[in-house]
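One structure below.
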Amino acid sequence: MLNSEYYPQKIEKKWVEYWDKNKTYKTPDISDKPKYYALSMFPYPSGKLHMGHVRNYTITDVIARFKRATGYNVLHPMGWDSFGMPAENAAIQHGANPKEWTLNNIDYMKKQLKMLGLSVDWDREATTCKEDYYKWTQWLFIQLYKNGLAYKKEAPVNWCEKCSTVLANEQVIDGKCWRCDSVVTKKNLSQWFLKITDYAEILLEDLDKLTGWGDNVKTMQANWIGKSYGTILKFKVKEIEGLEIPVFTTRPDTSYGITYLVVAPEYKDIEKLTTQENKEQVEKYRENAKKMSEIDRLSNERIKTGVPLGTHIINPFTGRICPVWVADYAIVDYGTGAVMAVPAHDERDFDFAKKFDLPIIQVIDGEGYKSDCAFVEPGVLVNSGEFSGMNNEEAKEKITKYAQDNGFGYSKVQYRLRDWLISRQRYWGAPIPIVYCDKCGAQPVRDEDLPVKLPTDVDFSVQGKSPILTSKTFMETTCPICGGKAVRESDTMDTFICSSWYYMRYADARNDKAPFSKELVNKWLPVNQYVGGIEHAILHLLYSRFFTKALKNMGLLDFDEPFTNLLTQGMVLKDGSKMSKSKGNTVDPDEIFANFGADTARLFIISDSPPARDFDWSDAGVEGCYKFLCRVYRLYSKYQNKIKLNYTIEDNLDKKSLDLIREVHIAIKKITSDIENEFQFNTVVSKYRELTNSIYEYIRDENDINYEVLSFALVTLLKLISPVAVFMSEEIYQTLNGIGSIHEQPWPKYDESKTLQNNITLIVQVNGKIRDKIETISGKSNEDLTKLAMNSEKTKPFIEGKTIVKTIIVPNKIVNIVVK
RNA sequence: GGGCGAGUGGCGAAAUUGGUAGACGCACCAGAUUUAGGAUCUGGCGCAGUGAUGUGUAUGGGUUCGAGUCCCUUCUCGCCCACCA
C-alpha cells in the first residue's frame, strides 16, 4: 500500500538496499544490446558531496537510465580521483594519515552517491590511490618511458613555496597556485616530463573529429596548443666569430625594420653575449627576473624593462648593426628564446624602443599608418630593398625563401604547448617507478616489482622537500639491471596522470594482469557521453586525449579519441555567485536529502536551466519541486486500487479521454526528443508538469473517469519520470505489483498519428499583424482557409478599401493577407 | 589586447529553427477550504489603457508577406587565454 502522503524518507533508503542486493545496475560485458558508455568526471574525495557533484552525477545518471530504457547495455561507472594535496595537508595539519583520511572520505561520499540514487555499477569502482590502480599508472608511465615519451631534464619550473612543489604551466592561474592560491616563483630543478609536444599537431588536427564537443572547448584547446607559422632567422654576432642567435618570427616580411634583438633572461648563450662592461648590470637584471614571481611579471604587464648586453648582431638583409638586449618580455621556452625587434610593426617592440630610445624604421605602409604607434595591419613593403613594393603576405614567403637560399633561415611551425611536467615533490601520489644506479643510470622498475608502494614511515612535517625523502625503507633499493645499490626516484606523479586513463580502467576494472584488456577497452570505449565541468576544458581533456593517442600508438588500444560527446555542465550558483565555503552560500546535499529526499534534489537540479548553463539554487525552487512530487504521488496513492499496469483502451471514447490520450502521446514524443537532443532536461520537467496537470484535469469530475485511460496515462507518466524520480517511481511500480524493477522496463513508445490535433486555431494576419484567431478543424484546403479568413469580422476593417496583393498560407496555422 | 558565448516579464526560462512571443515554474494578486497559519484547489498575471486597441525579445538600421530567430551598427555582461615574437 502507498501512503496517502509522500514521505521520501520512508521510501528511499529501502530501494538503495534493494538495488544493491539485487545488483540492479550491474553491467554485463557480454550483451545482445548495443553498448553505451555514460561517464561523469570522477570526484576528488574531499569529504562531502557538494551541489556541483549532485548536478554532474544526476545529469549523467538520467542519461544512463534513459539509454538503458531505450535498449542499450549501459556502462555507468564511478571512481575516485584520490591522490593529491588535500589529503597530505590534512596529514600535516591534523596529523591524520593521508590514506585513512582519503578512504574515510570515499566511504562517506560513496554512501551519499548511493543515497542520490545513482545507477552505478559499483563492482567497477576505480580508486586511483589504491595499489591495484596505481600499479597500472606506474606501468603505463614505464611504457611511455620505453617509448621515449617520458624524460628528465633540468628546467626552470613553476614553484609553489606553500605546497613546496612544482606546478605544470596549466596549474598556474594568474601567477598563483591553482590549489592554494599562493604566489608562484621560478626554480631550477631536474624534473620528469611527458612529451606531449610530439602530439601537438595531431591533438590540434583531431579536434575537427570531435563533432560532439562544444566549440568553446575546442577553441580553448586549439588556443592552448597555439600553432603558428613562422620563420627562423639566424643572426651572426658581430663581436664573436661563429656565434649565431636564431629567432622565431611570424613577420619575416618586416626583417628590414629590425633595430635590435632581445633575448630572454634565461637564454642559454647570454653569458657569452655579455661584454665585460655590461656584465654587472646584466647579472643584476637576470637575478631580479629570477626572483620575480609570475604575479609580478603579470602586474608589470606591458611596462618594459631590459638592459643591453653590449654585443651586436648583423642584419643579413640590410647589413645594419643592431644591439642585443636582455628583457623579460622574451620567453625562454617559446620559439628560440630570442626575438627580433621591429618597433615600427610590433606593439611590444614599439613600447620598448620608445622607452630606451632605440631607432624605429618603417618597412610596411598601408591605410592608417601613423608614426606614433606600431602599425600591425597588412600593407605594402617600403624601405625593404628588392622587396619594396611587394604585398606583405607575399613578402613573407619571398623573404623566407631568400633566407633559406642564403643559408640563414627556414620556415618553421611553432606551438605554444610545452611538454607536460609531471614531477611532484609530494608524498600523496603514485611514485615514479624509476631507480638510479651509479653504474646503470636511471632504470625503470621491472613489471614484476610493481607497484612501487608508498612508504608509511614518513615525516609529514618536513619543510621544503618531499616527505618521501624521510623514509628509510623507501629510498634505498637495488638496481634491476646489475643488482647493485640504487636509489629510488622520490618524486610522485602529477594526479592528472591518474585521471588521464581512469575511464579505460572501468572497462576492465578488476584486471590484475594489465591496466585493461585490449578487447574490453575496445568494446566499451570511446565514451559515448562525458559529463563534467568546464574547468577541465584544457588540462584533463587534453591530457586524456594525449594518453589515448599515445596508448594507441603503443598498440594497447584501437581508438584515437577517448570522448565522443562532451557535455560541460554549468556551475551551481546561490544568490548569483558560485557556491563556496568562503562565501558561506553553500547548500549541503545531506540536508536536502533529509528534508525533501534525493528525488526532489535530482528533479530540482535538472529543472530550471539547461545543463550547460549556470544554475541558480533557490530554496523556493526546491520546495516547488517537492510539492510537485507530492502532487504526482497523490495521484498514484489515490488510485492505487484502480491503476492497472496492463490496461486495454477501447475504441469508443469520449472527447475528454481522447484528449488525455493525445496529451500522453505528445508527452512521450516531446520528452524523448528533448532528452535525445542535447539533454534538455528543463523542458522535460515542464512536460512532466503539463502531463500531470492534464491528468488532474481529467479526474476533476470523479464520476466521469475511464480507468483504463487513466491507467495508460499514469503508467506512462511513471516510466517517463522514472529516470529522474528514481525512488518514487520504484516505490509506486512495485506497489502496483510490477515485475522486477521499473528501471529495467522499456521506454514508452508513442504513435505519431495520435499526437495530431483535430482542431486548430487559425491565425489570420493582415500584413503580418494578427487580426483574428479562428477555431476550425485541421486539414482544410488553402481555398477554404482563405475564405474563412476573408469572412472574419475582425479582419474586414483592415482589408476594406485596399487592394489585396497576395495571400500567404501556412497550412493548419496561418493565413496572411497582404494589402496595399 | 585576443578568442568564445550570451542579452526575452519582478525572477528561472520556453518558442516545432523564419510563422500566435512569454510554454512550464518561482514570486505576487484574488477566490474556495480553514478558528488561524500551513497545505490543497480555482482563477489572474509583459507594459500602457475602463475599453477597442496600441506596444513589446539590450540598441539603431536592413532583408522578408512575416524576425526573439537571418545580415550589419552600437552598448552591456559572462567565461577562457594573455608580453607566445
Side-chain angles (χ1 to χ4, degrees), chain A residues 5 173-174 214-224 226-228 230-231 247-251 254 262 264 297-298 300-305 327-331 333-342 345-349 351-352 414-418 534-535 537-538 568 570-571 576 604 607-610 612-625 627-628 630-631 634 669-670 673 680 682-693 696 700 761-770 772-773 794 797 805-811 813-819:
Chain A
E5 288 296 323
I173 295 148
D174 290 335
D215 284 338
N216 54 343
V217 176
K218 286 194 278 187
T219 313
M220 279 158 72
Q221 292 217 351
N223 288 344
W224 193 263
K227 183 179 187 175
S228 61
T231 304
V247 303
F248 173 75
T249 179
T250 54
R251 295 297 304 274
T254 62
V262 174
R297 275 178 85 142
L298 285 173
N300 288 338
E301 194 182 346
R302 282 188 189 87
I303 296 171
K304 296 288 183 290
T305 59
D328 62 4
Y329 83 89
I331 298 162
D333 52 0
Y334 183 75
T336 63
V339 183
M340 66 180 222
V342 185
H345 304 290
D346 182 283
E347 284 169 22
R348 294 152 301 183
D349 299 343
D351 291 346
F352 194 85
Q414 181 69 41
Y415 300 92
R416 294 175 64 167
L417 185 70
R418 316 289 155 89
I534 187 78
E535 67 273 18
I538 298 173
T568 49
M571 288 185 298
F604 179 53
S607 66
D608 261 13
S609 300
R613 224 181 290 184
D614 286 350
F615 173 83
D616 208 340
W617 183 275
S618 78
D619 295 336
V622 186
E623 274 180 52
C625 285
K627 282 182 197 168
F628 171 67
C630 291
R631 190 170 142 88
R634 274 197 303 274
K669 182 181 178 179
K670 170 81 174 153
S673 73
Q680 295 174 46
N682 52 330
T683 51
V684 168
V685 174
S686 297
K687 206 67 204 174
Y688 291 157
R689 290 176 184 275
E690 283 182 64
L691 183 56
T692 305
N693 289 346
Y696 264 95
R700 201 180 296 171
T761 307
L762 182 73
I763 304 300
V764 182
Q765 298 180 328
V766 178
N767 289 348
K769 284 206 183 280
I770 296 159
D772 201 3
K773 299 178 184 180
K794 286 184 179 173
V805 182
K806 59 174 162 177
T807 317
I808 283 143
I809 296 152
V810 182
K813 235 173 218 170
I814 288 173
V815 174
N816 186 10
I817 305 161
V818 186
V819 300

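These figures come from a predicted structure and were not determined experimentally. For the numbers below, each heavy atom of this structure counts, side chains included, while hydrogens, waters and symmetry mates do not.
Here the C1' atom of nucleotide A13(B) and the CD atom of Glu690(A) are 13 Å apart, to the nearest Å. For the pair Asp351(A) CG and A82(B) P, the interatomic distance rounds to 20 Å; values are reported in whole Å. Between the CG atom of Asp616(A) and the C1' atom of G10(B) there is a distance of 15 Å, rounded to whole Å.
Comparing G19(B), U42(B), U40(B) against the side chain of Arg700(A) picks out U42(B) as the nearest. Considering only the side chain of Asn223(A), G3(B) comes nearest among C24(B), U40(B), G3(B).
When the nearest nucleotides of RNA chain B are assigned to Pro610(A) and Met220(A) by heavy-atom distance, the more 5′-ward of the two goes with Pro610(A). When each of Asp614(A) and Gly337(A) is assigned the nucleotide of RNA chain B with its nearest heavy atom, Asp614(A) is the one assigned upstream, toward the 5' end.
With respect to the salt-bridge test (charged N to carboxylate O, under 4.0 angstrom), the residues Asp333(A) and Arg418(A) qualify.
Remark: Tyr329(A) is not in phosphate contact with A85(B), judged by side-chain N or O atoms under 4.0 Å from OP1 or OP2. Residue Lys670(A) has no polar side-chain atom (N or O) positioned under 4.0 Å from OP1 or OP2 of U16(B). OP1 and OP2 of G5(B) both lie 4.0 Å or more from every side-chain N or O belonging to Arg613(A). Of the side-chain N and O atoms in Asn682(A), none sit less than 4.0 angstrom from OP1 or OP2 of A23(B).
Gln765(A) comes within 4.0 angstrom of a base, heavy atoms only. When heavy atoms are screened at a 4.0 angstrom cut-off, Lys806(A) is found touching the sugar-phosphate backbone but no base atom. Within 4.0 Å (heavy atoms only), Val818(A) reaches sugar-phosphate atoms of the nucleic acid but no base atom. Across all strands, Lys687(A) comes closer than 4.0 Å to no nucleic acid atom at all (heavy-atom distances). Contact annotation for Asn816(A): base contact, defined as any heavy-atom pair under 4.0 Å involving a base atom. Among the atoms of the strands shown, base atoms are found under 4.0 Å from some heavy atom of Arg416(A). Heavy atoms of Ile770(A) sit under 4.0 angstrom from primed sugar atoms or phosphate atoms, though from no base atom. Across all strands, Asp349(A) comes closer than 4.0 Å to no nucleic acid atom at all (heavy-atom distances). Residue Gln680(A) is in sugar-phosphate contact alone, with no base atom involved, counting any heavy-atom pair closer than 4.0 Å across all strands shown.
When Watson-Crick and G-U wobble pairs are counted only if both distances are under 3.5 Å, G25(B) pairs with C11(B).
You won't find any donor-acceptor pair under 3.5 Å spanning the side chain of Ser609(A) and the base of A13(B), going by distance alone.
With respect to Tyr329(A), the side chain to side chain donor-acceptor pair (under 3.5 Å) criterion is satisfied by exactly one of Thr305(A), Asp351(A), Asp349(A): Asp349(A).
Remark: side-chain polar atoms of Asn767(A) are paired, donor with acceptor, to backbone N or O of Val819(A) under 3.5 angstrom.
U17(B) has its base syn relative to the sugar, with a glycosidic angle deviating from 0 by at most 90°.
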